[in-house]
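Worksheet: one structure, shown below.
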Amino acid sequence: MSFNRRDFLKLTGLGAVSAVAARAAAAFPFFGGAPGAVKAETNAKTAKRWAMVVDLTKCKENCTDCIDACHTTHNVPDFGDDKRHEVKWIWKEPYKQSFPDQENEFLKDDLSERRVLVFCNHCQNPPCTRVCPTRATWKRPEDGIVMMDWHRCIGCRYCMAACPYGSRSFNWLDPRPHIKTITPDYPTRTRGVVEKCNFCDSRLAQGQMPACVEACKDRALIFGDLEAPDSPVRQILRERFSIRRKPELGTQPQVYYVV
Amino acid sequence: MHDGGKIMGGLAVFFALLLFPVWNNLAQGKADYRPNPQILPKGNCVESREYMLSSHMDLLNTWRDQVVRQDKRIYVSTLDGKEHLMSLSKTCLGCHTNKAEFCDQCHTYMNVAPYCWDCHVDPQANK
Amino acid sequence: MLEKALQGGPKYWLWMILLAAVIGAGSLCYYTQLIYGLGITGMSRDVTWGLYIAQFTFLVGVAASAVMVVLPYYLHNYKAFSKITILGEFIAISAVIMCLLFVIVDIGQPMRAVNMVLYPSPRSILFWDMVVLNGYLVLNVVISRVTMGAERKGVKPPAWIRPVIVLSIPWAVSIHTVTAFIYCGLGARPFWLTAILAPRFLASAFSAGPALLILLCLLMRRLTKFDAGDEPIQKLSIIVAYAMAANVFFVALELFTALYSASPEHIAPFQYMFLGLEGKHKLAPWVWTSQSMGILALVLLIVPRTRKNMRILALACIGLNIALWIDKGMAMVVTGFVPSPLGHVTEYTPTPPEIMIAIGIYAIGLFILTGLCRIALSLRGQLEA
Ligand code: SF4
Ligand code: SF4
Ligand code: SF4
């Protein structure tokens with residue numbers, strides 16, 4: 001017989017490879033482009049370098065308005081007591097955990113017991129984007145926002161190992177059943193991708209301030225352009241003493257804390 | 001080798017079973033089934049009907065990359081120069097509010113499962 | 001040539017069917033993971049890499065260690081290794097395939113893995129790891145095919161293969177170096193942030209890999225007519241001993257730097273490993289087992305009388321592999337995440353489906369390795385004894 005075991009192996013191998021290739025090609029059709037032109041929205045808020053100042057002297061200990069606003073706006077799931085699968089964009093951590101390098105044994109009373117708002121620092125020199133193998137997370141050159149592309153992320157979690165601030169969450173499970181009320185304007189995520197605070201890029205594009213900033217009645221969150229000398233962020237940083245998280249790592253966080 | 005007849009008979013039965021869905025549909029007169037997506041709105045889409053029919057996925061792909069990666073959110077139609085927000089939930093589903101009778105019609109027929117809806121929300125389904 | 005893998009006696013087929021069953025069970029668990037997400041594993045927001053990536057790291061070392069037979073044989077013309085070089089290459093091939101599979105099962109969106117090729121990102125070490133691992137696989141497949149093809153025809157291998165073989169030597173070093181770079185370039189993780197990580201990886205690989213090769217030779221001596229001979233095995237055991245000594249020395253250097261400098265962020269992970277932090281010490285018994293087995297194996301390997309006893313040598317090789325597997329395949333990766341950047345101590349325990357998926361991948365590796373050895377043996381007419 002001319003069809004021997006060798007041919008059989010070759011053919012089955014070939015069959016398996018082409019089946020996998022066909023699946024992969026179906027997932028990645030090589031698209032052409034759209035015919036029309038595209039442009040930015042005209043009323044978008046723009047800056048050269050967005051930054052946030054958290055005024056700890058104004059932020060109230062038991063208030064969670066900003067957290068609720070962010071997590072509702074962005075369909076962030078709530079896993080309750082299941083801390084392993086937790087997803088969060090902005091939350092409060094004890095002062096000593098947020099600023100391990102400022103760990104003085106004796107501190108001002110109001111600081112040592114303080115819980116501090118933490119979220120992505122939109123680092124100027126972000127290690128998370130450096131390590132991403134697909135450029136699914138990258139720093140926008142125009143305004144410094146560290147973005148996430150949830151269509152492209154393969155979920156390798158290298159960025160989570162690289163972030164020195166624990167700012168990133170992974171979708172270990174399907175998040176949808178864990179979102180209390182879905183905001184239809186904003187996508188949810190799917191299992192297997194990483195997410196984090198994105199400085200409300202889509203709100204900025206529509207001319208709105210970040211949801212957390214807008215939600216804070218005590219004006220403890222100040223958002224603005226660090227490159228504009230008379231912006232509100234530059235003003236407060238001129239007048240008050242501020243610190244940043246783990247500055248020794250050279251990541252250059254763009255979130256400042258007034259203490 | 002005297003089993004030729006048996007083999008042929010066996011093969012015939014095998015193929016008859018294999019093709020069951022085909023002749024069953026033929027027998028029930030459903031062989032000429034065509035998907036029938038319900039296009040609700042009367043006016044123009046963002047591009048011509050023919051273009052949208054054949055290439056809406058190309059368009060959506062451009063929209064997605066432009067919005068997410070280039071921060072460009074406005075699309076200028078080549079039909080009439082009108083500007084549209086590049087948004088699946090707001091613009092597309094704003095007109096075609098009936099995802100089940102619109103998108104899913106052909107997608108189901110063609111057995112394609114675009115993963116848009118794993119994340120993007122169909123406002124109707126979440127009422 | 002491949003068709004030779006389809007010939008064999010009942011024992012061979014029984015073994016292959018057993019492996020296939022294990023692969024099947026692993027695939028079922030993987031299917032569950034595809035549907036529910038990586039939440040079925042023991043990983044968490046704080047410990048984001050676990051068993052899978054740790055096995056990947058361990059197996060990159062096994063793959064790289066083929067160089068320890070290729071180099072003496074091809075560069076120094078050390079004839080005693082002529083029979084076992086091909087085995088080293090086979091171990092490399094099956095180990096690299098397992099590595100790639102462990103990466104695939106670890107990522108959250110495996111269907112999108114092609115994105116690494118569609119959007120190449122040279123700033124990412126993971127990108128380079130993909131490049132060098134696939135390159136290494138191709139190199140070893142080509143080399144073993146060409147040399148075995150020549151052997152079958154009873155001719156000398158073509159001249160062009162020699163530069164390819166020489167290239168595979170630094171390439172082997174590169175795969176483990178680049179894998180170490182994945183970890184040691186992260187300022188966020190003080191435990192990994194050490195220049196000695198790559199040398200340490202290489203040292204542990206160059207003892208674990210050849211030790212596995214010794215075990216494979218001893219096993220084939222019992223099961224088949226193939227006998228590597230005592231000389232190469234003894235030579236290998238010396239390589240194992242030296243590499244293990246270097247590894248123990250490197251670990252001691254790490255401990256000294258961390259403990260004597262008394263820098264809290266460097267001490268904390270070691271404290272978690274050996275003693276536990278905040279009353280959480282699941283890893284500690286494993287780490288102590290690993291350390292004591294490693295030292296014991298090293299002593300048995302260094303003392304000539306024990307090393308030359310094939311029984312004791314086999315035991316030492318098994319102990320050494322268990323020790324290094326715990327060290328690299330569990331402790332090294334997990335400890336990098338404890339404590340978390342925010343100072344939390346979250347422990348990690350792999351779940352049963354996660355373990356089953358890992359075992360399934362090992363079964364795939366063994367399946368490939370058995371098939372490849374089968375081919376080599378039948379070419380040389382050295383099947384069952
Ligand atoms: S805080 Fe973390 S996630 Fe955010 S930019 Fe910095 S490194 Fe990246
Ligand atoms: S998990 Fe996603 S965003 Fe993070 S490094 Fe991997 S591909 Fe990039
Ligand atoms: S800036 Fe926007 S995304 Fe970031 S924490 Fe505030 S509300 Fe959330």
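First the proteins, then the strands, lettered A, B, ... as listed; each starts at 1.
The part of A:Trp138 that comes within reach of chain B is its side chain, from C-beta onward, which places non-hydrogen atoms under 4.5 angstrom from that chain. In this structure, chain B has no heavy atom under 4.5 Å from any part of A:Glu142. Proximity to chain B (any heavy atom under 4.5 Å) is shown, for A:Ser202, by both the backbone and the side chain. Using a 4.5 Å cut-off between heavy atoms, B:Ser89 touches chain A through its side chain atoms alone. Neither the backbone nor the side chain of B:Gln70 comes within contact range of chain A, judged by heavy atoms closer than 4.5 Å. Heavy atoms closer than 4.5 Å to chain B are found nowhere in A:Asp174, neither backbone nor side chain. Of the atoms belonging to B:Leu85, it is side-chain heavy atoms, and not backbone ones, that fall under 4.5 Å from chain A.
Side chains of A:His71 and A:Val87 form no contact here, defined as non-hydrogen atoms less than 4.5 Å apart.
Using bins of under 30°, 30° to 60° and over 60° for the plane-to-plane angle, the ring pair A:His151/B:His120 lands in the parallel bin. In this pair, B:His96 and B:Phe102 present their aromatic rings parallel. The plane angle is below 30°, not in the 30 to 60° band.
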Taking it one step at a time, do A:Cys66 and A:Phe119 satisfy side chain to side chain contact (heavy atoms under 4.5 Å, CB included)?
-> CA-CA 11 Å; A:Cys66 54; A:Phe119 46 101; over 6 Å; no
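Highest contact tally toward chain A, considering only B:Val112, B:Leu60, B:Asp65, B:Val68, is held by B:Val68 [criterion: heavy-atom pairs under 4.5 Å]. Of the listed residues B:Arg69, B:Gln66, B:Arg73, the one with more heavy-atom pairs under 4.5 angstrom with chain A than any other is B:Arg69. Comparing A:Met148, A:Arg191, A:Arg135 by how many heavy-atom pairs each has under 4.5 Å with chain B, the most go to A:Arg135. Most heavy-atom pairs under 4.5 Å with chain B: of the set A:Asn198, A:Leu204, A:Asp201, A:Asn75, this distinction falls to A:Asp201.
One finds the CG atom of A:Asp143 at 11.5 Å from the NZ atom of A:Lys48 (value rounded to the nearest 0.5 Å). One finds the CG atom of B:Leu59 at 9.5 Å from the NE2 atom of B:His56 (value rounded to the nearest 0.5 Å).
Remark: aromatic rings of B:Tyr75 and B:His84 are distant, center separation not under 6.0 Å. Annotation: A:Phe223 is in aromatic contact with A:Trp50 [ring centroid separation under 6.0 Å].
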